[in-house]
Number of protein chains: 2
Amino acid sequence: MKQVTVYDIAKEAKVSVATVSRVLNDTAPVRASTREKVEAIMQKYQFQPNANARSLLKKETGIIGVILPDITNPFFPEVFSGAEQEGREFGHTFFLCNTIGLHDKESEFLTMMQEKRVDGIIFMGGRINLKDCKPALIQEVVEHAQKIPLVLVNGNLKDSGLTRVITDEYAGTVLAVKHLIDIGHTKIGFIGGESHMSTTAVKIRAYKKTIKDAGLQLHEEWILPGSFSVDSGREQMEALLKLTDKPTAVCCVNDFTAIGAIKAAVEQGLRVPDDISIVGFDDIPLAHHVIPELTTVSQQANSLGRTAVRVLRELMSKEKVKKVYSLEPELVIRQSTAPVTDGYKI
Amino acid sequence: MKQVTVYDIAKEAKVSVATVSRVLNDTAPVRASTREKVEAIMQKYQFQPNANARSLLKKETGIIGVILPDITNPFFPEVFSGAEQEGREFGHTFFLCNTIGLHDKESEFLTMMQEKRVDGIIFMGGRINLKDCKPALIQEVVEHAQKIPLVLVNGNLKDSGLTRVITDEYAGTVLAVKHLIDIGHTKIGFIGGESHMSTTAVKIRAYKKTIKDAGLQLHEEWILPGSFSVDSGREQMEALLKLTDKPTAVCCVNDFTAIGAIKAAVEQGLRVPDDISIVGFDDIPLAHHVIPELTTVSQQANSLGRTAVRVLRELMSKEKVKKVYSLEPELVIRQSTAPVTDGYKI
DNA sequence: ATCGCTCATGAAATCAATTTCATTAGCATA
DNA sequence: TATGCTAATGAAATTGATTTCATGAGCGAT
């Protein structure tokens with residue numbers, strides 16, 4: 001069954017396609033009787049105008065492309081959701097591309113979005129955040145950004161000149177470590193992500209600064225790398241607990257790591273938070289479903305998405321925008337942290 | 001900066017647009033020297049063909065639309081991911097639409113996808129699965145399906161004539177309940193979702209049948225409704241534990257509910273699984289991150305997505321397809337279930 | 001020399017909308 | 001009555017690709 005076009009409608013209504021278009025878009029006055037006639041026929045055939053044809057002419061698609069590393073990581077659906085909420089009232093539709101494990105797909109997706117002529121791109125890079133990210137990729141992203149409005153979310157590319165929306169990870173980490181210090185901890189460890197990720201570097205810097213500012217001793221052996229995963233949190237926590245001089249609190253690079261750390265501690269017979277305090281980062285929905293509920297730093301993922309779309313829309317309308325929009329994270333105190341006790345069991 | 005078109009390329013290369021198109025798509029022989037000349041110019045201007053123009057003519061967009069209730073529910077990203085993996089090698093791109101809390105958006109999204117002329121639609125309905133779903137909505141989905149290939153994922157619309165990919169929830173529930181019986185439980189409860197959801201109805205039917213087939217007594221007061229959420233699992237578990245005659249095992253409608261149930265039990269001082277066994281449904285990634293790790297029925301969300309795309313592609317190529325593709329769920333035994341002990345503490 | 005074939009290419013039509021420009025009718029004003 | 005204005009409409013151009021049809025060149029066979 002062939003799709004109905006404006007020509008079919010026009011023919012049956014004995015008017016020109018221009019008139020049909022006017023009825024469709026209310027772009028010029030049409031006599032009431034004509035309008036009704038045309039509308040009736042559109043109704044009859046369940047006419048749906050072809051958005052491709054329209055986009056071709058208008059040079060806008062209403063589509064926003066989103067590129068992110070892994071949609072199964074609960075942080076990203078949250079961001080996406082925020083973006084969608086913000087975009088909905090303006091009629092935006094979203095392409096979603098997962099680069100999961102396929103870092104080299106990033107440029108392929110960028111090209112695809114160019115070809116589809118999306119109105120804007122939200123880029124949450126995986127690879128682009130590597131400390132040793134190839135300048136070529138950065139260059140490529142920058143070039144795409146010159147053709148299509150693009151905002152980088154949580155990307156740490158300082159001198160790329162790209163518009164960025166980020167959480168202040170430094171400030172967030174300070175919040176977490178300060179909280180542990182405030183409730184009396186003096187022996188605080190840190191489990192990070194891959195050491196070549198800039199996120200890890202930023203957070204470790206914040207951690208060290210806060211420890212030093214509080215006049216505490218810095219123990220390099222309490223600072224361990226990881227991989228942002230539950231398993232890495234578990235492994236590294238086991239390592240920490242094998243030390244003779246153990247920390248009484250651990251700050252983790254993200255919630256997954258913290259959940260793994262809790263698991264390891266519990267498996268060793270420790271009670272969280274009675275024997276050891278653990279704090280995460282991100283505040284994924286799961287954080288208040290685990291036992292004990294996780295004290296963590298909220299990234300406000302939803303706002304991140306909303307802001308990204310807001311900024312993107314400003315870019316699209318050629319407004320001048322700031323280079324960086326930084327969202328302040330918040331500490332969410334739940335059950336996995338508590339004041340130090342003397343009776344550290346092991 | 002104006003976008004470069006085939007005409008610009010053709011002009012500069014002193015050939016016709018037809019030749020440029022041939023170089024682009026390798027659709028007819030072109031002299032090597034001509035090809036090189038054209039390619040060099042395309043390279044020079046970073047030419048990206050306009051996919052909208054192409055789609056207009058070819059009547060295909062390579063886009064698959066996905067409509068789902070809530071991307072922040074970890075089950076759905078998993079399905080989406082599977083779909084994306086399957087679609088990737090055929091060059092499909094994905095629209096993602098969240099109907100979260102906006103059930104009336106479902107038809108709006110369907111219309112939008114029609115207008116964008118997507119090649120196919122994967123529909124994971126929220127509202128469409130209500131037992132009292134308005135016939136009008138069903139009718140609408142069916143009508144859309146006549147124009148654009150559409151598969152319903154986990155939709156329980158038996159007589160709609162729509163192509164469906166589903167998990168066999170009945171069989172999965174039987175698996176879960178049998179497992180509890182096998183390890184010695186005779187007093188088994190069930191916490192469901194909203195009672196007007198067909199999922200709930202199917203699972204309760206399976207639960208009852210399995211209990212009866214094993215010759216066990218059916219206790220209606222052990223069968224409670226819920227809302228698929230962590231909180232509802234917690235509340236309903238509290239209710240079960242207030243009974244004088246309590247179950248020693250509880251089967252839950254999904255993992256969220258099970259996680260809530262575990263929380264409630266732990267808060268009441270019970271040990272899971274020593275004092276009470278709990279089994280979930282879905283096997284969300286989180287299931288092996290909670291403490292204790294959750295015994296659950298795996299929906300194989302990823303395969304669900306992959307299969308949906310596979311079936312959709314068959315539909316697109318006008319192949320005849322079966323009406324229903326049913327995936328067999330699997331029982332995943334972890335730590336939240338164990339044989340009954342006499343020493344039920346409370 | 002002529003026929004038939006393949007290779008390489010171009011002109012023009014096509015897809016389904018929007019938009020510009022022109023035209024007509026009807027009415028008020030000078 | 002002539003002029004000017006607005007409302008309503010249509011014809012045709014436009015958007016950026018693909019595709020069909022036509023044409024010419026080059027080459028081998030007869």
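As the structure is a computational prediction, the values presented were derived from the model and not from experiment. Proteins get letters first, then strands, A, B, ... in listed order; numbering begins at 1 in each.
Residue A:T5 is in sugar-phosphate contact alone, with no base atom involved, counting any heavy-atom pair closer than 4.0 Å across all strands shown. Among the protein residues, B:N52 comes within range of no part of the nucleic acid, since none of its heavy atoms lies under 4.0 Å from any strand.
Between A:K59 atom NZ and D:dA17 atom P there is a gap of 9 Å when expressed in whole angstrom units. Distance A:N50 CG to C:dA17 P: 5 Å, rounded to the nearest Å. The CZ atom of B:R54 sits 21 Å away from the P atom of C:dT14 (whole-angstrom rounding). In this structure, the CD atom of B:Q3 is 13 Å from the C1' atom of D:dA17, given to the nearest Å. Residue B:F47 contributes atom CZ, which lies 12 Å from atom C1' of D:dT18 at whole-angstrom precision. Going from atom NZ of B:K116 over to atom P of C:dA16 covers 17 Å, rounded to whole Å. Between the P atom of C:dA16 and the NZ atom of A:K58 lies a distance of 19 Å, rounded to the nearest Å. Counting to the nearest Å, the C1' atom of C:dA16 and the CD atom of A:Q48 are 14 Å from each other.
Checked against the 6.0 Å centroid criterion, the rings of A:F95 and B:F94 do not qualify as a close aromatic pair.
When the salt bridge (charged side-chain N to carboxylate O under 4.0 Å, His left out) test is applied to A:E36, no partner is found at least two apart in sequence or on another chain.
For the pair B:E86 and B:R313, the salt-bridge criterion is not met [side-chain N within less than 4.0 Å of a carboxylate O].
For B:K14, the NZ atom counts as loosely surrounded, since its 6.0 Å shell holds 12 or fewer non-hydrogen atoms of other residues, nucleotides or ligands.
Here the CD atom belonging to B:E12 is positioned 3.5 Å from the OH atom belonging to B:Y45, to the nearest 0.5 angstrom.
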Give the table of side-chain donor-acceptor pairs shorter than 3.5 Å for residues 135-143 of chain A, with sequence neighbours excluded, one pair per line with atom names and distance.
unit_1	atom_1	unit_2	atom_2	d
A:Q139	NE2	A:E143	OE2	3.2
A:E143	OE1	B:Q46	NE2	3.2

Taking N or O atoms only and anything under 3.5 Å, show me the protein contacts with nucleotides 6-10 of chain C, one pair per line.
unit_1	atom_1	unit_2	atom_2	d
C:dT9	OP1	B:T34	OG1	2.5
C:dT9	OP2	B:R31	N	2.9
C:dT9	OP2	B:T34	OG1	3.4
C:dG10	OP2	B:S16	N	2.7
C:dG10	OP2	B:S16	OG	3.1
C:dG10	OP2	B:T19	OG1	2.8
C:dG10	N7	B:R22	NH1	3.4
C:dG10	O6	B:R22	NH2	2.7

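Side-chain N/O atoms of A:N154 and A:T167 include a donor and acceptor closer than 3.5 Å.
Counting atom types as modelled, A:Y7 pairs no side-chain N or O with a base atom of C:dA16 as donor and acceptor under 3.5 Å.
Comparing D:dT18, D:dG16, C:dA17 by their nearest atom to the side chain of B:L57 picks out D:dT18.
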